[in-house]
Each structure stands twice: as structure tokens, then as C-alpha cells.
Trainee: 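Below is a structure I'd like to ask you about.
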Amino acid sequence: MTAILTRRSIRTLRAPAPSDEEFIYLLKGAAAAPDHGRLRPWRWIVLRGTDMEALTARLSAEAESGPRDRGAHTTSAPLKAVLVFSPTAHNQVPEWEQLAAASSVAYGLMLLLHARGFGTMWRTGRLCESPGARELLGVGPGERLLGALDIGTPEASARPARRSSLDVYDRVQHLCQSVGAIDTADTYRAGREAFQIGSTRYADCRSEKPYLNRT
């Protein structure tokens, strides 16, 4: 919970960034995300130094002849990891489900990097539709650029405090077919009451079982 509630998108990122070995190590963890059929419909292209400069040059050249896309191709980060969606034709796993799997890996990787002390910034914009970027990165006809993850170390002043969890009760519904339709307001109140009861029981359980206090 701590990693989720303290993660932020951070624009200014400095060295150091994870090494290739550390990036792969964390990606192995992120790859444990739900993936129907274990298709792994994604791949990452890791850019540093002159590789990042080459990508920036391609995007800048395209920007000169089109509308500006502020922040889409400029970065101070020492590492950029580009996510390529590579769906596989499968009669039981539709493309949208494979896209969800690729997105889950990206979010898991962001959380693991954050827990490791690194900062990230998810970039989309012009990159995702750029013919020059597709050519440079070797993106195939059936693949899509989903975005790029800027990775580095945030400045000390850029480490925000833990955010409050969002109120999501109005996003949860129950069919309750056995008792008929229930008014949304009633469902909302019932959900809050259940949460309060559950929180009290969990607090009691934490005091009895210290290992539950790990975040």
C-alpha cells in the first residue's frame, strides 16, 4: 500500500538510473501481472545516451512540420524505456485483454522502481504516433508504441508525502438479485459501514499478528 500511495509522476529525474541488469530484475517481477495465456504481448526498448538523442532528433524533426506537443520528446532522465505492444493472434485471448496485460506490466514496473528509490514519468504524445520513432525503434506492422517510461533518481525535494486513498464506494455496485434492486445511496451507506467494521477487525488482527504490519 505504501508504494501505491506514495508514487508520483516526476518530471525532473537525474542519474543514477537502474542498470540493465537491475531493470531486467525488476521487469521479471512486473511480468508476474495477470497475463491470460502467458502470451507476454509486450517488449521494452531501453534507451540511454546517444540512443535517446537519436530518438529526440527524430521527434524534433517531425515537430518542426506539425503542431507542438509539449514535453512529448524532451526529458532530463538518464533512462527511457519504451513499451511496445506486440499482440498475438489467439482465439481465446482477444487483443484488448492482451493490451490490459501489457498495461499491468507497465504499472507494476513503475511501483517496483518507486519502491527501489527511483522516480518515473510516463510519456505518450507524439512518440506513440511517430513514423520516425517506429522506424528507429524497429516497431513492426502489427505492433504499437504505447508510451515510454522516463526513469531516474528524483531530487530530494520532489519526494511527495503519502496521498490519501480515494473514495471509491460510488464505483462499486451489487446486483442483489435475491432481494431486489437497492437504492444507490443505501448501497453507499452499507459499503461505508462494512468498511468501518472491516477496518476495526483488521486493526485488531494487526495487533495480534505483527507480521501484517508490513507494507
Trainee: Could you tell me which non-hydrogen atom of Leu127 sits nearest to which non-hydrogen atom of Ala148, and how far apart they are?
Mentor: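 Closest approach of Leu127 to Ala148: CD2-CB, 3.5 Å.
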Trainee: Surrounding CD of Glu22 (heavy atoms of other residues, nucleotides or ligands, distance under 6.0 Å), is the total greater than 12?
Mentor: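 For Glu22, atom CD is crowded (more than 12 foreign heavy atoms under 6.0 Å).
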Trainee: When Trp44 is tested against each of Val84, Ile24, Leu27 for side-chain contact (heavy atoms from CB on, under 4.5 Å), which residue passes?
Mentor: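 With Trp44 as partner, side-chain contact (heavy atoms from CB on, under 4.5 Å) holds for just one option, Leu27.
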Trainee: Using atom types as modelled and distance alone, determine if a side-chain donor or acceptor of Gln98 lies under 3.5 Å from a backbone N or O of Thr88.
Mentor: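 Such a contact is found between Gln98 side chain and Thr88 backbone.
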Trainee: For the backbone of Glu53 and the side chain of Asp51, can you confirm whether one donor and one acceptor N or O come within less than 3.5 Å of each other?
Mentor: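 The answer is no, because no donor-acceptor pair under 3.5 Å joins these two groups.
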Trainee: Could you tell me if His114 and Thr6 have a donor-acceptor pair between their side chains, going purely by distance under 3.5 Å?
Mentor: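 Side chains of Thr6 and His114: pair found under 3.5 Å.
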Trainee: Mind listing the closest non-hydrogen atom pair of Gly152 and Pro78 along with its distance?
Mentor: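 Shortest heavy-atom separation between Gly152 and Pro78 comes out as CA-CD, 3.9 Å.
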Trainee: For Arg163, look at atom CZ and say whether over 12 heavy atoms of other residues, nucleotides or ligands are found less than 6.0 Å away.
Mentor: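 Atom CZ in Arg163 is packed in, count exceeds 12.
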Trainee: For the backbone of Pro87 and the side chain of Glu143, can you confirm whether one donor and one acceptor N or O come within less than 3.5 Å of each other?
Mentor: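 Not confirmed, Glu143 side chain does not pair with Pro87 backbone.
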Trainee: For the pair Arg14 and Glu155, find out whether any cationic side-chain nitrogen is under 4.0 Å from an anionic carboxylate oxygen.
Mentor: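 The answer is yes: the pair qualifies as a salt bridge.
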Trainee: Give a yes or no on whether Leu39 and Trp42 share a hydrophobic cluster (residues Ile, Leu, Val, Met, Phe, Trp, Tyr; joining criterion: side-chain heavy atoms under 4.5 Å apart).
Mentor: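 Cluster IDs for Leu39 and Trp42 differ.
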Trainee: Could you tell me whether Glu135 and Arg58 have a side-chain N and a carboxylate O separated by less than 4.0 Å?
Mentor: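 Salt bridge between Glu135 and Arg58, a charged N being under 4.0 Å from a carboxylate O: yes.
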Trainee: May I ask you to decide if Ala100's main-chain N or O and Ser104's side chain share a donor-acceptor pair within less than 3.5 Å?
Mentor: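 Side chain of Ser104 to backbone of Ala100: a pair is present.
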Trainee: Under 4.0 Å between a Lys/Arg side-chain N and an Asp/Glu carboxylate O for Arg11 and Asp150?
Mentor: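 Judged by the 4.0 Å cut-off on N to carboxylate O distance, Arg11 and Asp150 do not form a salt bridge.
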Trainee: Do Leu109 and Phe85 belong together in a cluster built from hydrophobic side chains that touch within less than 4.5 Å?
Mentor: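 Leu109 clusters together with Phe85.
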Trainee: Does Arg43 use its side chain to pair, donor to acceptor, with the backbone of Arg40 at less than 3.5 Å?
Mentor: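 Not confirmed, Arg43 side chain does not pair with Arg40 backbone.
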Trainee: Is there a path of hydrophobic side-chain contacts, each under 4.5 Å between heavy atoms of I/L/V/M/F/W/Y residues, joining Leu99 to Val93?
Mentor: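 Per the 4.5 Å side-chain linkage, Val93 and Leu99 are not co-clustered.
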Trainee: Check Ala17 against Arg48 and note the closest heavy-atom contact, atom names and distance.
Mentor: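 Shortest heavy-atom separation between Ala17 and Arg48 comes out as CB-NH1, 4.2 Å.
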Trainee: Please tell me whether Leu83 and Tyr25 are part of a single hydrophobic cluster in this structure, the criterion being side-chain heavy atoms less than 4.5 Å apart.
Mentor: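 Linked, Leu83 and Tyr25 end up in one cluster.
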